[in-house]
Amino acid sequence: MHRETLLRVARGERPIGLDEAALVLAACGAHPRATMILALAGQEELACEWMHGEMGEFLEEFFTSLPVHLQRTLGRRIEDLRPRWANGTSQLVARMLAKHIDDFVGRDITMSLPR
């Protein structure tokens with residue numbers, strides 16, 4: 001993107017497309033897909049908070065790999081999914097991740113204790 005174009009975008013004089021926004025975010029060292037998905041979902045504060053950290057990196061990989069794993073795991077049953085299940089499923093995934101982290105930390109502590 002030309003410097004003048006970027007300045008016009010920054011001043012609000014020119015709209016920016018998603019492809020251009022992804023390039024700008026990537027150039028800034030942010031995780032573009034995760035940042036844009038969060039922002040488009042109305043989670044601007046989290047997008048700003050997570051865009052440069054490991055959470056942004058996690059979400060980037062998660063958003064990229066989830067559709068493939070859903071398709072592979074569910075196959076034709078993917079048509080049986082209901083939108084109303086999305087919130088509960090996201091809560092389930094969060095709880096599973098918390099348990100995984102707790103188990104991982106617990107194993108690390110156990111391994112470091114003298115025997």
Side-chain angles (χ1 to χ4, degrees):
M1 178 181 288
H2 190 273
R3 185 178 74 165
E4 286 300 316
T5 303
L6 181 58
L7 288 172
R8 287 181 36 225
V9 166
R11 290 183 196 126
E13 299 168 357
R14 179 188 179 281
I16 187 169
L18 291 177
D19 56 339
E20 293 173 318
L23 290 173
V24 171
L25 288 166
C28 294
H31 302 283
R33 278 181 242 122
T35 304
M36 289 192 301
I37 289 170
L38 287 169
L40 290 170
Q43 299 292 329
E44 295 90 354
E45 287 184 31
L46 288 178
C48 291
E49 183 180 334
W50 293 347
M51 69 198 297
H52 288 97
E54 288 188 353
M55 190 60 193
E57 185 177 353
F58 171 84
L59 287 176
E60 189 89 1
E61 180 64 29
F62 185 77
F63 292 147
T64 301
S65 61
L66 181 62
V68 172
H69 292 293
L70 285 173
Q71 183 66 44
R72 185 180 303 145
T73 303
L74 295 174
R76 281 191 250 146
R77 294 180 303 159
I78 206 159
E79 296 172 3
D80 296 332
L81 287 177
R82 299 293 174 255
R84 68 180 183 270
W85 299 344
N87 187 45
T89 303
S90 64
Q91 291 174 22
L92 177 64
V93 168
R95 285 193 303 270
M96 287 173 52
L97 284 170
K99 183 177 179 345
H100 178 72
I101 291 168
D102 291 344
D103 291 347
F104 187 75
V105 169
R107 270 185 267 138
D108 278 358
I109 290 172
T110 303
M111 298 292 267
S112 66
L113 293 175
R115 293 178 188 228

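Each residue takes its place number in the sequence, starting with 1. All values reported here derive from a predicted model rather than from experimental measurement.
The two residues Glu60 and Ala34 have their closest heavy-atom pair at OE1-N, 2.9 Å.
Placement of Leu7 and Val24 in two distinct hydrophobic clusters is found when ILVMFWY residues are connected by side-chain heavy-atom separations under 4.5 Å, directly or transitively. Side-chain heavy atoms closer than 4.5 Å link hydrophobic residues (I, L, V, M, F, W, Y) into clusters, and following such links, even through other members, never connects Leu92 to Leu70. No continuous path of hydrophobic side-chain contacts links Leu18 to Leu38 [ILVMFWY only; heavy atoms under 4.5 Å].
Taken to the nearest 0.5 Å, the CZ atom of Arg14 stands 12.0 Å off from the CD atom of Glu4. In this structure, CG in Leu25 is found 12.0 Å from CZ in Arg33, a value given to the nearest 0.5 Å. Here the straight-line distance linking atom OG1 of Thr64 with atom CD of Glu61 works out to 6.0 Å at 0.5 Å rounding.
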Do any side-chain atoms of residues 41-58 form donor-acceptor pairs under 3.5 angstrom with protein atoms, and if so which ones, sequence neighbours left out?
residue : atom : partner : partner atom : Å
His52   : NE2  : Cys28   : O            : 3.0

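Screening residues 87-96 for side chain to side chain donor-acceptor pair (under 3.5 Å), with sequence neighbours left out, gives no hits.
No side-chain heavy atom of Ile37 sits less than 4.5 Å from a side-chain heavy atom of Leu59.
A donor-acceptor distance shorter than 3.5 angstrom exists from the side chain of Arg82 to the backbone of Asp80, with no hydrogens or angles considered.
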